[in-house]
Amino acid sequence: MPDATALTEPPIPSSPAGEVPVQLLTPEGERVSHPEYDVDLTDEEYRGLYRDLVLVRRIDIEATALQRQGELGIWAALLGQEAAQVGSGRAMREKDFAFPTYREHGVAWCRGVDPLELLGLFRGVSNGGWDPQEKRFQLYTIVIGSQTLHATGYAMGVQKDGAVGPQADGSEGEAVIAYFGDGASSQGDVNEAFVWASVYNAPVVFFCQNNQWGISTPTDHQTRIPLYRRAEGFGFPGVRVDGNDVLASYAVTRKALDDARQGQGPTLVEAFTYRMGAHTTSDDPTRYRLASELEAWKLKDPLERMKSFLYKQQIADADFFAELDADADALAARLRAGCLQMTDPAPSAMFDRVYAETTPLLQEQQAAFEAYSAGFADAGAVH
Amino acid sequence: MPDATALTEPPIPSSPAGEVPVQLLTPEGERVSHPEYDVDLTDEEYRGLYRDLVLVRRIDIEATALQRQGELGIWAALLGQEAAQVGSGRAMREKDFAFPTYREHGVAWCRGVDPLELLGLFRGVSNGGWDPQEKRFQLYTIVIGSQTLHATGYAMGVQKDGAVGPQADGSEGEAVIAYFGDGASSQGDVNEAFVWASVYNAPVVFFCQNNQWGISTPTDHQTRIPLYRRAEGFGFPGVRVDGNDVLASYAVTRKALDDARQGQGPTLVEAFTYRMGAHTTSDDPTRYRLASELEAWKLKDPLERMKSFLYKQQIADADFFAELDADADALAARLRAGCLQMTDPAPSAMFDRVYAETTPLLQEQQAAFEAYSAGFADAGAVH
Amino acid sequence: MAVLTMAKALNEALRSTMEDDPKVVVMGEDVGKLGGVFRVTDGLQKDFGEARVMDTPLAESGIIGTAIGLAMRGYRPVCEIQFDGFVYPAYDQIVSQLAKMHARSRGTVPMPITVRIPFGGGIGAVEHHSESPEAYFAHTAGLKVVACSNPVDAWSMLRQAVRSDDPVIFFEPKRRYWEKAEVDTRAPDDPLWQARVVRPGTDATLIAYGPMVRTCLEAATAAEEDGRSLEVLDLRSLSPLDLPSVVASVRRTRRAVVVHEAPSFIGIGAEIAARLSEELYYEMEAPVLRVTGYDTPYPPSRLEEEYLPDLDRVLHTVDRSLAF
Amino acid sequence: MAVLTMAKALNEALRSTMEDDPKVVVMGEDVGKLGGVFRVTDGLQKDFGEARVMDTPLAESGIIGTAIGLAMRGYRPVCEIQFDGFVYPAYDQIVSQLAKMHARSRGTVPMPITVRIPFGGGIGAVEHHSESPEAYFAHTAGLKVVACSNPVDAWSMLRQAVRSDDPVIFFEPKRRYWEKAEVDTRAPDDPLWQARVVRPGTDATLIAYGPMVRTCLEAATAAEEDGRSLEVLDLRSLSPLDLPSVVASVRRTRRAVVVHEAPSFIGIGAEIAARLSEELYYEMEAPVLRVTGYDTPYPPSRLEEEYLPDLDRVLHTVDRSLAF
Ligand SMILES: Cc1ncc(C[n+]2csc(CCOP(=O)(O)OP(=O)(O)O)c2C)c(N)n1
Ligand SMILES: Cc1ncc(C[n+]2csc(CCOP(=O)(O)OP(=O)(O)O)c2C)c(N)n1
Ligand SMILES: [Mg+2]
Ligand SMILES: [Mg+2]
């Protein structure tokens, strides 16, 4: 029996070589061109994207603060990932459908989900509160990778409905987007989703935010080659985009979604980005990563580069930025107030809607629970 | 709600293009060369391989017959896959360890497992009766894909033991081989095994026998590109070999195993072959495939081409073939006799070895069972 | 009225719900051209096309996971798991997604999915082909779990399961697939969630479901010769459990024996025993006894007859009950 | 003797078995540099290296599946599942491989694997982080299932689990991780599979494990003020169940209440009720009653206090028992 020291370290190869991601905006805010991808937005649209970035970050910061003050149980910050989420979120067309993880606050924003619903979830008053059909944005999925199969199944349904390709209403059909992380790429479910999507040529885009970390686990523990290349093994295209570049994220996702809706099947988009915050408010990243890494990524901040771009191109002026700040303040104030006012659901609600058609046993438990609770209320009144 | 007829068929693309597999022996028995792979065997070794092919097929045929006669509950025939199995099985070095599915009778043969043990399993007297450590051949695994993770974990253990690369005894270390089918390639477990093996650079060869079918499901329902290319997506090499060519199967597997043992990590070998029989004796392939397909593959029979080769090259003469036939007859006779003589395990054995350390509840059940059974025996005696 | 095997009755049930509702889709391994390894989906792909009867890739998590997505899109998937022992790769999707989606979404995302699972032993199969995993699912809030025991129920229960807006795990006793009965497809359905007295009796109640119903009926017939009148109750639904019917029967007979193939430890029998001992505390003449598979992995098939409850073990246990 | 939190006691237990046996390896998500999300593996990678404390890729089936392979190679893996609700992707590997390998191989392939699972609610977490899936595993033949309730047991039970040649599913009550006690690491171990009376009493027995042991102790203390003497039994092992200890206690007190966070329907409580009602048929004064989580998905955390059994619900049920 060899002794402990004789064990060789498993030779985990060093971080995957950084193949050049699609970029349309440098960290310094210079517009650059790419042979395959471009965006052609109006000034208003450019400002709109920046506005989204700022508001989404503000939501995130306010939520983090609320957690610190004990108003939320936990919060999973998107700090640093705003561009990947806003770019891809805005690339969706109205009928497209998104399947998020637990960190897609920016996408939720683009789909019109009230951020208060997100706060409610992390506060523990609900497990998601919006109507997924109405928002065309599924509930958050916490079990890593599961939603990629749901997205694929949904896309198969789109296909069965004949909603791929040119439609009677003149549109080009519907597409689906599944969000997941670098860590999730290791899950069986995600790879099964790749199998299904490619075999059925389903209109689904797999959008992987590679933020370099899965809690404390670096991406080189999940793959030894760049993640976008995973798609090759399943026979569909993969592309790496600069996830801190909202324009590139928009362009690449838009193209992938349009390909899907036109019947060209799935694409894997790897948005190369960085989780600037902790995994969640419960996490302490100083235990596993160097401050210098964060500093390096700060120079690539998705908001800063868009701001520089707007300034340099004179697309926005100081008034715009001031007004936006004020809007962000107002939004934050609304969220704070809304969060503090949030009421807990009625306890007995936990028995409701377990099923579409409830069961006698559950009704019995609910009745017993209510009687018991009422007894307490009475007892309380007497004392 | 669209009516049923409005549903579009899911556009499953047609069968993956047949990229040319590594071949060293044509279906006509001509030796051909390949830029990367070769074998240099003695005449005796060539004859040995053919002998294996013949004996393995005979085992298979006898087992099928025994099943037909009610002696086995079921049998999963390897008919047509002899070369893939014998080639890869003989490519293993002594210390290498194999993780089979339920169809690796040819590999079992190469590892020295008595075919009677296989019959016992399909008869229902055991779930695999050999000692895996002794044979360096795991028990058959029926749950599709599971064993690929076991193989990977085992290979990680080899690594931890320092048994990769040059060894004190002059050898080049140990390697592991995991068998699975084309259908299995869709399972999450198999893809997770790819993740693990590549991230840890584990000394494991994934040997996929693509026999074109997973029961009634053709391979184009599992992948839209050739399966060996799956490995690309995980960052390790994949190679397609003519699985009906025992020499190529040997050469390609030997190289992959040697790479693994020398620390170069995993390889995916796709042995392109054909399941000439039914999935199992319970299956009726006429329901889902054309007789013409089988006829086409008969022309590529793995035994015939090796036989032609031996003849043409005068490596074997009529005596050899006659003797081999006699040996095969003897083997078949031994199996038949052994199978008929096989006794059922003692009923009470089902309580044994559930645990390394049994439990009081199980002992109680066993005692009750024995008392009950004894009561019956007594009762029987009285009547 | 036609005489149908259970497999055929299930097949007809699928066909009829597919005709009624274009959103019903069938999916699973080998359910298309082959018609499933037990032929329950025989002919459906031919008649309804590949878009509605899908031979899926070989991965159970993928089957359930994509079915969930299809349900979100308004479809009503019926998934086939080829054998009981192969449902576990889909366990996460079943337990964490399928079961919880309705509650999670406060009813906005219903899961009208039926998961058909041929289950149980007695067919001389190799490992993983003879299991009885029903307790795993019945213990899971958010799922409904049923098991049919005869062709008539097979027909009516499957139709109702498919029409249900809740996820239903539908267990089919594989060794009874070839049993026949007259099935009146125009008769009104017995409600899916109700147990049924399939043989009335007075001395004790045998409580069973799926494959063991017939075993209990045979036991009751044999007992009759000894002058004992056994009632046989077919639970049909395991979750929700039709406790009122169970209680009503045992209140009359005052003795109960639960029979299932699944291991005893924390099985359905335990729950029934716990409930009855509470509900009928003053009324029973004996504790609820159980006749079940043993707490071992399912044995190699040459031993399965020793493992599986049979007429003799049932009667032996009835004797024990009567001796209290 | 040192005062240790439960998390630290578990950490010390791992450290000591790793020192004793070079074949012990720790694997799971974030168990290395981070030391696990609950810090149970804190510092181990630093001291034993990456080959023995492995941050794995993010896939639970992969964790258990490769651990099985490592065990075949002679290793003794201790796997961490990050939270209860994330064990299901590994369900197939646990139920069909880990549990069955020893029997399948007739003992030639032992599975000395420990699967550590932080379980239960009460920490205000989001979905999937508060579950009690123990019945799924305890119903599975071939597995052993234990739950610790305090730092002293945490230390001694985990050491024994790791040394066991059988697969052990080791449940750790996450809301008790930070509770402290004096742990004498040189004291002889209480045998892993035995229940223990943690508070003697005469009027009824409260049967619990994991997080509910403390709840029961508090209930017993409160009951004392009302002049009621409640015995508290900590099961410690759920499978095998130490039935003799349970029977011995209830034979004395004649009343039993089982308390667990897991849903009631086909939970551990059902099995205990079934067994006791048979074993002590003539001796009990009341049926076994259960105080459990409800048969709903675990609710959003703002409702968890309503969901989880607490002192009041336990006492309320004791009253019901005494009223029989
Ligand atoms: C099946 C499963 N296992 C473990 C977890 C615990 N967990 C939550 S987030 C996380 C890391 C996810 O990493 P990644 O996929 O990269 O997403 P990110 O958090 O970086 O956005 C883990 C392990 C989980 N939620 N689900
Ligand atoms: C998890 C699981 N699902 C389903 C089955 C049933 N089944 C047995 S063999 C088989 C097809 C396997 O196809 P492939 O992997 O190509 O191997 P082959 O049988 O062709 O050798 C299926 C679906 C199984 N054994 N395990
Ligand atoms: Mg990440
Ligand atoms: Mg195949």
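Protein chains get the first letters and strands the later ones, always in sequence-line order, with residue 1 at the start of each.
Aromatic ring centres of A/Phe180 and A/Phe207 lie farther apart than the 6.0 Å criterion allows.
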Fill in: Derivation and outcome, ring pair (Phe, Tyr, Trp, His ring centres under 6.0 Å), residues A/Tyr140 and A/Tyr102
CA-CA 5 Å; A/Tyr140 275 10; A/Tyr102 42 82; 7.6 Å; no
Assess whether side chain to side chain donor-acceptor pair (under 3.5 Å) is satisfied between A/Arg336 and A/Gln341, documenting all intermediate values. CA-CA 9 Å; A/Arg336 167 161 296 267; A/Gln341 279 163 28; over 6 Å; no
Check: Which is it for D/Tyr298 and D/His129 under the ring pair (Phe, Tyr, Trp, His ring centres under 6.0 Å) test, yes or no, and what are the steps along the way?
Finding: CA-CA 9 Å; D/Tyr298 198 87; D/His129 290 72; over 10 Å; no
Checking A/Tyr179 against A/Phe99 for the ring pair (Phe, Tyr, Trp, His ring centres under 6.0 Å) test, could you report, in this order, the C-alpha distance in whole Å, the side-chain angles of both residues, the deciding distance, and whether it holds?
CA-CA 6 Å; A/Tyr179 288 87; A/Phe99 288 78; 9.9 Å; no
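When the candidates A/Gln222, A/Arg287, A/Arg289 are compared by the number of heavy-atom contacts under 4.5 Å with chain D, A/Arg287 comes out ahead. Ranked by heavy-atom pairs under 4.5 Å with chain A, the first of D/Val24, D/Thr296, D/Leu58 is D/Leu58. The most heavy-atom pairs under 4.5 Å with chain D, out of A/Tyr288, A/Tyr372, A/Phe122, come from A/Tyr372.
Interface residue A/Ser126: only backbone heavy atoms are found under 4.5 Å from chain D. Heavy-atom distances place the side chain of D/Gln82, and not its backbone, under 4.5 Å from chain A. In this structure, the portions of D/Tyr294 lying under 4.5 Å from any heavy atom of chain A include both its backbone and its side chain. At a 4.5 Å heavy-atom cutoff, A/Ala368 makes no contact with chain D through either its backbone or its side chain. Contacts of A/Leu361 with chain D are made by side-chain atoms alone, with heavy-atom separations under 4.5 Å and no backbone atom involved. With a threshold of 4.5 angstrom between heavy atoms, A/Asp189 does not approach chain D through any atom at all. Proximity to chain A is absent for every atom of D/Phe83, based on heavy atoms less than 4.5 angstrom apart.
Interface with chain A: from residues 312-324 of chain D, residues D/Asp312, D/Arg313, D/His316 qualify, criterion being any non-hydrogen pair under 4.5 Å. Contacts from residues 342-355 of chain A to chain D, taken as heavy-atom pairs separated by less than 4.5 Å, involve A/Asp344, A/Pro345, A/Ala346, A/Pro347, A/Met350, A/Phe351, A/Val354 in sequence order.
For D/Arg76 and D/Asp165, the salt-bridge test passes: some basic side-chain N is under 4.0 Å from an acidic carboxylate O.
Between D/Tyr136 and D/Tyr88, the two ring planes are perpendicular [angle over 60°; tilted spans 30° to 60°].
With a 6.0 Å cutoff to the six-membered ring centre and a 45° limit on the axis angle, D/Lys23 counts as a cation-pi contact of D/Tyr75.
Among pairs with a residue in residues 10-37 of chain D, none fulfils ring pair (Phe, Tyr, Trp, His ring centres under 6.0 Å), at least two apart in sequence or across chains.
Listed by chain and residue number, D/Phe119, D/Pro173, D/Arg175, D/Arg176, D/Glu261 satisfy the side chain to side chain contact (heavy atoms under 4.5 Å, CB included) test with D/Pro211 (two or more places apart in sequence, or in another chain).
A donor-acceptor contact shorter than 3.5 Å is absent between the side chain of D/Ser130 and the backbone of D/Gly121.
For the side-chain contact (heavy atoms from CB on, under 4.5 Å) with A/Thr280, the lone residue among A/Ile74, A/Thr64, A/Ile215 that qualifies is A/Ile74. The side-chain contact (heavy atoms from CB on, under 4.5 Å) with D/Arg116 is formed by just one residue from the set D/Val40, D/Ile81, D/Val162; it is D/Val40.
For A/Glu293, the CD atom counts as densely surrounded, since its 6.0 Å shell holds more than 12 non-hydrogen atoms of other residues, nucleotides or ligands.
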